[in-house]
Amino acid sequence: MPEMLEVESYRQIASRALGRRIEAVEVRDPWFVKGGIDPDAVVAALRRRRFVADRRIGKLLLLDTDDGSTLGVRFGMTGVLELDGVDGIDGLAYGSTRRDPAWERFIVHFDGGGSLRVRDARRLGGVELDPDESRLGPDATTVDRTTLSDALFGSAAPVKARLMDQSRIAGLGNLLTDDLLWRARIDPTRTAGSLDAGEVRRLHSAMRATLRVLGRRGGSHTGDLQDQRHRDGHCPRCGSLLQRQSVGGRTTYWCPAEQI
DNA sequence: CCGGATGTTCACCT
DNA sequence: GAGGTGAACATCCG
C-alpha cells in the first residue's frame, strides 16, 4: 500500500515519538532486519537512545537517534507504522485495515508505555541500521524541471520505468506514476529520452499536481485512474478503453487515445 | 481455484 | 553497461 504519500503520513506519526527514551526493542521477526546486520546490533544501537529527527526520502522513513545512528524503515507493499495504537494510515484511503498481531515485525517500546510498531503482512519491507541514503535520488516532492529532465535524458528505457527508478527520483510507485502520466497525457511506454522540452514541462507539472492533489485526497489510492485499474477500465476523461500492459515490470494502465 | 496486488533485490538473459 | 524478465518474500481480495 505505501508509496511516498503514505510514508509521509508514517513520518508524521513517528514524529510524535521524538524525544522519548527507548526502553526496549523487540525484533519479532529477525528476517525483517536488513543490511546483513545482526538483529541484536540494531537492538543495542537503539536501547536507551531517543529519536531526535524524523526524515523521509521517497518511500524510506529515517529516524535519527541522539547517538548519531539512523533507523531506516521500508514498508514494501503492505507495511504499516503504528504509534501508541494509532495507525499512520488512519485518515488515508486504504485497502484492508485488518490488524493481525502476527504481522508485527519490529517494535520499539518507550519509557512510559508507548510503542512504535512496524506491521507488515507480506514481509516485503524491513528495517535497517544506517541505510545507504546515497542510493536514492532526490525526493519527488523536491524535484525541479531540470532534475526531471536530467533523469530522463539519454535513456532508452520506458519513461515510466525511469520515473519509478528510485535512484533517479525517489518516491514514485506504480499507482502514482500511472496517474501522473495520465495527467500529463504521455504514453508510459515512450522512450524516456525521446520526450521534448514541452513534454518534460507537462510531466513535471503533472507530477507536482498529482502529489499535491492525491496527498490532499488521502494517498496514492485516490488517483483518477484508481477505479479503472482493471480489465475493461475506461479513461475518466474520454471514455476510451484503457490499455493494460506490463511496463517496467509493473502492470500499467493508460489511455491509448490521449496518452501519446 | 486462479490471478493479481502498493516494493525491492537478485540472478540470468539479450 | 543498459534494460528486460522472472523469481523470491507471504497474504489478502475479487
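Here is the naming used below: chain letters follow the sequence lines, and residue numbers restart at 1 for every chain.
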[X] bridged to [Y] by N-O distance under 4.0 Å:
{"X": "Arg55(A)", "Y": "Asp139(A)", "answer": "no"}
{"X": "Asp100(A)", "Y": "Arg119(A)", "answer": "no"}
{"X": "Asp84(A)", "Y": "Arg16(A)", "answer": "no"}
{"X": "Arg201(A)", "Y": "Asp196(A)", "answer": "no"}
{"X": "Asp224(A)", "Y": "Arg237(A)", "answer": "no"}

Between [N] and [M], how far apart are the two [atom1] atoms, rounded to whole Å?
{"N": "dT5(C)", "M": "dA5(B)", "atom1": "P", "value": "15 Å"}
{"N": "dT8(B)", "M": "dC12(C)", "atom1": "P", "value": "22 Å"}
{"N": "dG3(B)", "M": "dG6(C)", "atom1": "C1'", "value": "16 Å"}

Roughly, in whole Å, what's the span from [atom1] in [X] to [atom2] in [N]?
{"X": "Met164(A)", "N": "dG4(C)", "atom1": "CE", "atom2": "P", "answer": "10 Å"}
{"X": "Asp120(A)", "N": "dC12(C)", "atom1": "CG", "atom2": "P", "answer": "12 Å"}
{"X": "Asp165(A)", "N": "dT9(B)", "atom1": "CG", "atom2": "P", "answer": "11 Å"}
{"X": "Tyr10(A)", "N": "dT6(B)", "atom1": "OH", "atom2": "P", "answer": "15 Å"}
{"X": "Leu176(A)", "N": "dT6(B)", "atom1": "CG", "atom2": "P", "answer": "11 Å"}
{"X": "Trp103(A)", "N": "dT6(B)", "atom1": "CH2", "atom2": "C1'", "answer": "15 Å"}
{"X": "Leu172(A)", "N": "dT6(B)", "atom1": "CG", "atom2": "C1'", "answer": "13 Å"}
{"X": "Leu124(A)", "N": "dC10(B)", "atom1": "CG", "atom2": "P", "answer": "15 Å"}

- Keeping the roles fixed (side chain from Gln166(A), backbone from Leu172(A)), state whether a donor-acceptor pair exists under 3.5 Å.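 Side chain of Gln166(A) to backbone of Leu172(A): a pair is present.
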- Message: Would the distance check show the side chain of Gln226(A) and the main-chain N or O of Gly223(A) forming a donor-acceptor pair, the cut-off being under 3.5 Å?
- Response: no
- Evaluation steps, side-chain contact (heavy atoms from CB on, under 4.5 Å), between Leu176(A) and Asp179(A): CA-CA 5 Å; Leu176(A) 286 175; Asp179(A) 231 65; 5.8 Å; no
So does [X] get a side-chain nitrogen or oxygen closer than 4.0 Å to the phosphate oxygens (OP1/OP2) of [N]?
{"X": "Ser155(A)", "N": "dG3(C)", "answer": "yes"}
{"X": "Arg122(A)", "N": "dT6(B)", "answer": "no"}
{"X": "Lys59(A)", "N": "dT6(B)", "answer": "no"}
{"X": "Arg231(A)", "N": "dG4(B)", "answer": "yes"}
{"X": "Arg229(A)", "N": "dT6(B)", "answer": "yes"}
{"X": "Arg250(A)", "N": "dG7(B)", "answer": "yes"}

- Task: Measure from the side chain of His221(A), starting at C-beta and using heavy atoms only, and say which of dT6(B), dG3(C), dT11(C) lies closest.
- Result: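 For His221(A), the side-chain atoms sit closest to dT6(B).
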- Item | DNA chain C: stems of at least 3 consecutive Watson-Crick or G-U pairs whose donor-acceptor distances fall under 3.5 Å | B:2-5 with C:11-14, B:7-14 with C:2-9
- Message: Need to verify one output field. Residue with the more 5' nearest nucleotide on DNA chain C, Gly249(A) or Trp31(A)?
- Response: Gly249(A)
- Query: Base, sugar-phosphate alone, or nothing: which one does Arg105(A) contact when heavy atoms must sit under 4.0 Å apart?
  - Reply: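 The answer is nothing, as Arg105(A) stays clear of every strand by at least 4.0 Å.
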- Message: What contact category does Thr251(A) fall into here, base, sugar-phosphate, or nothing, at under 4.0 angstrom with non-hydrogen atoms?
- Response: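 Result for Thr251(A) = sugar-phosphate.
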